[in-house]
Amino acid sequence: MAGQEFGHHLGLPRALSALPLSPLTPGYAHLLATQHAAGLRHIGELFTSGPGLRVLDGVFVPLGARGRRRVDHALLADLGRGTGPTAALANQLAELHRHDPQTLRRVVLYQLIELLQDHPRGQHPDTARSLGVHAEEAAGLAAATRVRPVLDRAQRAAAESLADAWAEHRLRRVRTLLERLPPTGRDPSLGTLRTTLSRRLGHADAALDAARDAERAGDTETATEEYLRVLRLAADDRKALFSLVRIHRPRHDDRAEPLRCVLRPESAVLTWDAAELGVTWRILRLRRTGRGSTEVREVRQVPPDESGTGGAGGIEDRAVPLGSVVRYVALPVRGGRVDGVPLVAREMAVTPEVSELALTDGRERIDGTWRTPPGATEVTVEHTGPDGLTAQLPCGDGRFTAVGLPPGPHRFRVVCHYRTPEGQSVASAGAAATRTVHRWPDPVRTLTGTAEGEGIRFTWTGAEDGLPSEGTEVRLVRWPGEAPLPGTELDASEVPVPLPWSRLDGDGDGEVLCPPPGTHAEVAAVAVLGERAVAGPTVTVEAPVPVTGLSARRQADGQVQVVLDWPEGTGLLTVSWTESDGRTGERAVAAHQYRRQGLRLPVGRGGVRVRAVPAPRASGSVVALPSAAETVLPPDASVAYRLVPAPRRMLRRGKPLIRVTLSSPDPSPDPSAGSSSDPSSDASPEGTGPELPAPVPEFVCVARSGTLRPRGPADGTTVLRIAGAELLELRTVEHELDSAPCPVPYTLRGFLLGEHATSVRLEEPSPATLVVR
């Protein structure tokens, strides 16, 4: 209808004549991931954070009051300087803009229309403006949501992967994706893509027919060229690929295999002679399915040899489908197209052997463990003793135990069984290993730990000599993981080195070791004899990290705030305090409680000594406790000040006063008194607690013109300065303001200065009472 066409009412007849159904941008998924990492709803927000983005006749951002600037390669290069997702996104867009300047506008329009169509009020211009679109173009963009077809999730996925499939020459895939998109819509680029696709598929089908005719005539060379021409046009043409594999598969009498494959427990290793320079090898895996069809999967792409000298190539396929019959194909690719005859490997039945086969000898027995390959239906074990007799052994899930074995070598073969696609059972060749049964030491029966100061004494019983000519070593160790159960038989090479803790000389049996702070360990005793060892009992040892940074400060509500550096690895602290009047208290504080709520103690105004020591992490452990951290908090002292209105004198008002008062539990503290290690040693005769432990800080009052309070002692004019010693002696000091320090009105504020300013509370009056008018 005239006047209602999109863009018609804007006076821009070709403003948005093309509404993109697809971004048609290679690597769009990676671009979108980078955009989301940068926290952007659409890439237009990369250029401007506020309203003003124009998209109708190009992507423009505001410039100055009324100007605008086109988003070009120079602007993108400026945004790409630096690090982070935003710079990475700008660099990706700059690369896309260099190849096609229209890509940026196309992606911005695609994302904006998608956001508007997903929004319940997407057809309203206000929604477009909320996305940063210029007010003059908001109505036109909102109209686009009604004109362009709405894509569901599957259609969006097809639209956003279309460019990657086209760039990889997967024409069959491109056709499938285009069939998912609506046939309607104003996207000339998509129409051009459909036309080009139809023409190229016609060429591919014609080459495929010519290849089949040549193959039927016995001309394999011509058939190969035609099949390769098909793959150059449509890299995902299965018929051409299967035909090339059929023609060039290895024969039974071939000694040299162009593509070699070696099976491992959970992977297949491929190697080939990559003599051609500048060739990218595309590795495919063909697998027979139970339905008689062939499944094709791309394993990976191997880039050309960076050294430029050619040589051998190789990869590992860790996603190989175990239990199946597979064949690998290596396609040489140049410029994204197949360029040469593929290398074809022999068919291979995937029946891998067990991995990590390990045998451990014990007293008249051998234990075996292994990792069973996925897909194996059964595992059997054959045992051959020193007498040469072979018998089947029962085995469990990845292990067996052979008991009653005489000394000497014993051979075991572990065989995996698989089910073929035809339902037959196939056995692997088997993984064999040999182990000799030896003599073993007697184990440690008991282990005891006793705290001695900062050290721990370890004593044990058992571990007699295994042989008369050899002595059994008792090794105190710390296992890296869970300690083996007592009596577990081990190889001596598996036993950790002895504890590296410092040793102390002491009287008595055993060893005295000093665990470092922060230790929480299970110390085990292991009996070692030659190459064999037996695990013994364990004892839990703790050496908590001492508390540091302990300090205390009084709060306005009368309680004491305790601050400390929480020791690493400690879950609980025991905090105790002793007040100057002899009262004591104790509290257990958990780490989460301290971090969430802090620690406040209900103490009086007198002096108090606070101690903190880590609590053991586990009950029953042997603990070498560090010295307790402590701090002494002096009696509560505060400095209050206020502005006293000037009294009237005859016909004029007098000058205002500043009254400063020092309050303390001690009625007459001694200014020369120092700190004390014992709060109770300096108690006053009235029993109010120790005297002030340090000089009283200096009081400074500053004035600032206006009604805003000074932010610091240097933010204004100093009107009053009282030394700490004077305030301590007089307790109350009044100072008359001689003259206005600055134009009225002005605001006063007091501060405490000096080394001990944080030890004395400053009680400030209401800011409104400190304004002098």
Side-chain angles (χ1 to χ4, degrees), residues 245 249-250 252 254-273 281-302 312-330 343-360 366-384 390 392-402 410-435:
V245 170
R249 61 190 175 187
H252 293 290
D254 290 345
R255 295 184 178 179
E257 299 180 15
L259 182 61
R260 300 169 293 277
C261 182
V262 177
L263 184 65
R264 290 184 178 176
E266 297 184 25
S267 65
V269 178
L270 305 175
T271 57
W272 65 94
D273 297 328
W281 292 94
R282 184 182 176 205
I283 310 301
L284 304 178
R285 182 181 65 239
L286 282 58
R287 182 180 73 90
R288 293 181 183 178
T289 65
R291 299 184 298 273
S293 60
T294 301
E295 177 187 77
V296 181
R297 288 285 185 269
E298 181 173 319
V299 179
R300 59 169 294 188
Q301 292 192 15
V302 182
I315 67 164
E316 182 179 13
D317 181 12
R318 301 193 62 83
V320 57
L322 302 176
S324 302
V325 177
V326 301
R327 186 193 297 273
Y328 288 92
V329 178
L343 307 180
V344 183
R346 296 185 184 277
E347 276 193 340
M348 177 181 62
V350 184
T351 55
E353 305 289 356
V354 299
S355 61
E356 302 179 15
L357 176 61
L359 302 180
T360 304
I366 290 179
D367 296 323
T369 59
W370 62 85
R371 185 185 296 276
T372 303
T377 59
E378 184 185 7
V379 177
T380 57
V381 179
E382 296 178 356
H383 167 234
T384 302
T390 300
Q392 292 286 333
L393 284 179
C395 62
D397 185 13
R399 63 177 58 249
F400 73 84
T401 299
H410 295 261
R411 184 176 184 272
F412 299 88
R413 188 167 72 97
V414 183
V415 181
C416 293
H417 300 262
Y418 295 89
R419 188 71 60 183
T420 66
E422 295 76 21
Q424 298 177 350
S425 179
V426 177
S428 65
T434 301
R435 189 76 178 185

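- Taking the side chain as every heavy atom from C-beta outward, Val299 and Ile315 approach each other to under 4.5 Å.
- Every residue was checked against the salt bridge (charged side-chain N to carboxylate O under 4.0 Å, His left out) condition with Arg411, not counting sequence neighbours, and none meets it.
- Of all heavy-atom pairs between Ala268 and Val320, the closest is N-CG1, 4.1 Å.
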For residues 373-380, which side-chain donor-acceptor pairs fall under 3.5 Å, sequence neighbours excluded?
residue	atom	partner	partner atom	Å
Thr377	OG1	His417	O	3.1
Thr380	OG1	His417	NE2	3.1

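- Across every non-hydrogen atom of Leu393 and Phe412, the tightest pair is CD1-CE2, 3.6 Å.
- Scanning both residues, Cys416 and Val354, for their nearest heavy atoms gives SG-CG1, 3.3 Å.
- Residues passing the salt bridge (charged side-chain N to carboxylate O under 4.0 Å, His left out) test with Arg399: none are found, sequence neighbours excluded.
- For Glu295, the salt bridge (charged side-chain N to carboxylate O under 4.0 Å, His left out) partners are Arg287, Arg297, not counting sequence neighbours.
- Annotation: side-chain contact (heavy atoms from CB on, under 4.5 Å) contacts of Leu263 (sequence neighbours excluded): Met348, Val350, Pro352.
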Problem set entry | Intermediate values then yes/no, side-chain contact (heavy atoms from CB on, under 4.5 Å), Arg285 and Asp317 | CA-CA 9 Å; Arg285 182 181 65 239; Asp317 181 12; 2.7 Å; yes
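- In this structure Thr434 satisfies the side chain to side chain donor-acceptor pair (under 3.5 Å) test with no other residue, sequence neighbours excluded.
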Problem set entry | Candidate pair Arg327 and Val344, rule side-chain contact (heavy atoms from CB on, under 4.5 Å), full reasoning | CA-CA 8 Å; Arg327 186 193 297 273; Val344 183; 3.5 Å; yes
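- Annotation: side-chain contact (heavy atoms from CB on, under 4.5 Å) contacts of Ala345 (sequence neighbours excluded): Leu259, Tyr328.
- Every residue two or more places apart in sequence or in another chain that forms a side chain to side chain donor-acceptor pair (under 3.5 Å) with Thr401 is listed here: Asp367.
- By the side-chain contact (heavy atoms from CB on, under 4.5 Å) test, Ala433 pairs with Leu357, Leu359, sequence neighbours left out.
- In this structure, a donor-acceptor pair under 3.5 Å is absent between the side chains of Ser428 and Thr351.
- Taking all atoms of both residues into account, the shortest heavy-atom contact from Val414 to Glu353 is O-OE1, 4.1 Å.
- Shown here are the salt bridge (charged side-chain N to carboxylate O under 4.0 Å, His left out) partners of Arg300, two or more places apart in sequence or in another chain: there are none.
- How far CG of Asp397 is from OG1 of Thr372: 6.0 Å, rounded to the nearest 0.5 Å.
- With sequence neighbours excluded, the residues forming a ring-ring contact (aromatic ring centres under 6.0 Å, His included) with His410 are His383, listed by chain and number.
- Pairing each heavy atom of Ile283 with each of Ala330, the nearest pair is CD1-CB, 3.6 Å.
- At a threshold of 4.5 Å between non-hydrogen side-chain atoms, the residues Val302 and Trp272 count as touching.
- Here the straight-line distance linking atom CD of Glu257 with atom CG of Leu343 works out to 11.5 Å at 0.5 Å rounding.
- The minimum heavy-atom distance between Trp370 and Cys395, with the atom names listed, is CH2-CB, 4.1 Å.
- In this structure, OG1 on Thr390 lies 7.0 Å from CD on Glu382, to the nearest 0.5 angstrom.
- Counting heavy atoms from C-beta outward, Arg249 and Glu347 have side chains that stay 4.5 Å or more apart.
- When the side-chain contact (heavy atoms from CB on, under 4.5 Å) test is applied to Glu316, the partners found at least two apart in sequence or on another chain are Arg264, Ser267, Val269, Arg318.
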